[in-house]
Amino acid sequence: QQARLKPVILDIVSEVKSGADFSDALKKYPHIFSELYTALVKIGESSGTLGQNLRRIAEFLEEEMDFKSNIISIVTYPSLIICVGFFTIFVLLKFVIPKLVGIFEEMDQALPLATSILVNFSNFFSQWWFFIFGLLAAAVIAFKYSLKNPRNRLNWDKAILSLPLLGAILTKIEVCRLTRTLSALLKNGVSLDTSLRVLTKTIGNLYFRQELNGVAQKIKEGSSFNGALKASNIFDPAFINVVTVGENSGTLEDVLEGLSVDYNKEINRGLKNFLNLLEPALILGVGLAVAFVVLSMLLPIFYMDLNF
């Protein structure tokens, strides 16, 4: 990472020494320095608060990294359960069951229905597993390719935010990022409409970005912030009420900062509650699948004992 950044830093230093503004030098690398980053740097240059703004950017990036690390740590265990479950079933179907099929054939007796279904599926999987995984990979690639279409991406992002339980958490994540970033911009003297214009380019979810664009457009037309929020379909009434209080009292940036802290706590609590429901379901699902495979393989032995 440092080796890749070295030529970028050297070029930025060269640009600044040549008389270019620091913010303009950063704009040459939009894949590294976002528009939000360069906007805060430019404001710092014009207002003489560059050092303060850089510290604010560092704090913002650190908070973002902590937030992502927290989410990763929360979802690691369920992901591990899914991977172990699929690996266990794959090994049983590909290697264990085919070896037991020969033993069943030597018994020369009718197999129980569950065992017969499992043996047939194992035979099919052993012969075509590469085709099955290839088909799944092709489906994933086709799906990702379809998301390059703006309309498909918009519909997908809207559907994600509409999911029960998880959709509410994902919406709060977007709102949390919005409030934290918007607060930082407003505290640095950026106007509300300019801040929203910058923010719309940093939002990953297209549906959320579309709604935020609508909010920015209404503010540009003269609407109040809370009035523009009320016209959208993404912000809940409690959020709008708090923003209204902040807007009327002239403390909008402080209110937004407080909201980001509250939303961060709600997100962590919501994710933990969601995973508390998901983890037992995953363990139960994987356990039932493995139990079905094991019992199906033991049934012929039980039948053989009964016949004797």
Those residues that, when tested against L136, pass side chain to side chain contact (heavy atoms under 4.5 Å, CB included) (two or more places apart): I132, F133
Go through the structure and list residues passing side chain to side chain contact (heavy atoms under 4.5 Å, CB included) with E211, not counting sequence neighbours. Y207, S232, N233, I234
Contacts table for residues 7-15: side-chain donor-acceptor under 3.5 angstrom, sequence neighbours left out:
| unit_1 | atom_1 | unit_2 | atom_2 | d |
| --- | --- | --- | --- | --- |
| D11 | OD2 | K28 | NZ | 3.0 |
| D11 | OD2 | Y29 | OH | 2.5 |
| E15 | OE2 | K28 | NZ | 3.2 |

Transitively linked via ILVMFWY side-chain contacts under 4.5 Å: [X] with [Y]?
X	Y	answer
V140	W129	no
L166	I82	yes
L277	I283	yes
F87	I89	yes
F130	F95	yes

Could you identify which residues cluster with L113, counting Ile, Leu, Val, Met, Phe, Trp and Tyr as linked when any side-chain heavy atoms lie under 4.5 Å apart, either directly or through a chain of such contacts? I117
Sequence neighbours left out, cut at 3.5 Å: what donor-acceptor pairs do the side chains of residues 171-179 make with other protein atoms?
| unit_1 | atom_1 | unit_2 | atom_2 | d |
| --- | --- | --- | --- | --- |
| T171 | OG1 | G167 | O | 2.9 |
| K172 | NZ | E266 | OE1 | 3.1 |
| R177 | NE | E64 | OE2 | 3.1 |
| T179 | OG1 | V175 | O | 3.1 |
| T179 | OG1 | C176 | O | 2.9 |

Could you measure the distance from the [atom1] atom of [X] to the [atom2] atom of [Y]? Nearest 0.5 Å is fine.
X	Y	atom1	atom2	result
Y145	N152	OH	CG	11.0 Å
L271	N276	CG	CG	10.5 Å
L212	I203	CG	CD1	6.0 Å
Q217	L196	CD	CG	11.5 Å
L154	R209	CG	CZ	10.5 Å
L26	T38	CG	OG1	7.0 Å

Tell me every residue that passes ring-ring contact (aromatic ring centres under 6.0 Å, His included) with Y37, counting only those two or more places apart in sequence or in another chain. F33
Taking ring-ring contact (aromatic ring centres under 6.0 Å, His included) as the test, write out the residues that go with F274, two or more places apart. none
pair [X]-[Y]: side-chain heavy atoms closer than 4.5 Å:
X	Y	result
F124	N120	no
R197	T194	yes
F235	V215	yes

Show the numbers, then the answer: is there a side-chain contact (heavy atoms from CB on, under 4.5 Å) between V286 and V84? CA-CA 9 Å; V286 172; V84 170; over 6 Å; no
Report all side-chain donor-acceptor pairs from residues 155-165 shorter than 3.5 Å, counting only partners two or more places apart or in another chain.
| unit_1 | atom_1 | unit_2 | atom_2 | d |
| --- | --- | --- | --- | --- |
| N155 | ND2 | R151 | O | 3.3 |
| D157 | OD1 | R153 | NE | 3.3 |
| D157 | OD2 | R153 | NE | 3.0 |
| D157 | OD2 | L206 | N | 2.7 |
| S162 | OG | K158 | O | 2.9 |

Audit row: L282, E279, side-chain contact (heavy atoms from CB on, under 4.5 Å) steps and yes/no: CA-CA 5 Å; L282 288 175; E279 287 175 9; 5.6 Å; no
Sequence neighbours left out, cut at 3.5 Å: what donor-acceptor pairs do the side chains of residues 289-297 make with other protein atoms?
| unit_1 | atom_1 | unit_2 | atom_2 | d |
| --- | --- | --- | --- | --- |
| S296 | OG | F292 | O | 2.6 |

Show your reasoning for whether side-chain contact (heavy atoms from CB on, under 4.5 Å) applies to N205 and L170. CA-CA 10 Å; N205 188 286; L170 294 175; over 6 Å; no
Ignoring hydrogens and angles, write down the donor-acceptor pairs under 3.5 Å from the side chains of residues 254-264, residues two or more places apart or on other chains.
| unit_1 | atom_1 | unit_2 | atom_2 | d |
| --- | --- | --- | --- | --- |
| E257 | OE1 | K187 | NZ | 2.1 |
| S260 | OG | E257 | O | 2.6 |
| Y263 | OH | D236 | OD2 | 3.2 |

Inter- and intrachain pairs under salt bridge (charged side-chain N to carboxylate O under 4.0 Å, His left out), touching residues 216-230, at least two apart: none
For the residue pair S191 and D193, confirm or rule out a side-chain donor-acceptor distance under 3.5 Å. yes
If you take all heavy atoms of [X] and [Y], which pair is closest and at what distance?
X	Y	value
L182	S195	CD1-CB, 3.4 Å
L275	P280	O-CD, 4.2 Å
I240	N226	CG2-O, 3.9 Å

Can any side-chain N or O of E247 pair as donor or acceptor with the backbone N or O of S224 at less than 3.5 Å? no
Results of side-chain hydrogen bond (donor to acceptor under 3.5 Å, both in side chains) for T76 - residues two or more places apart only: none
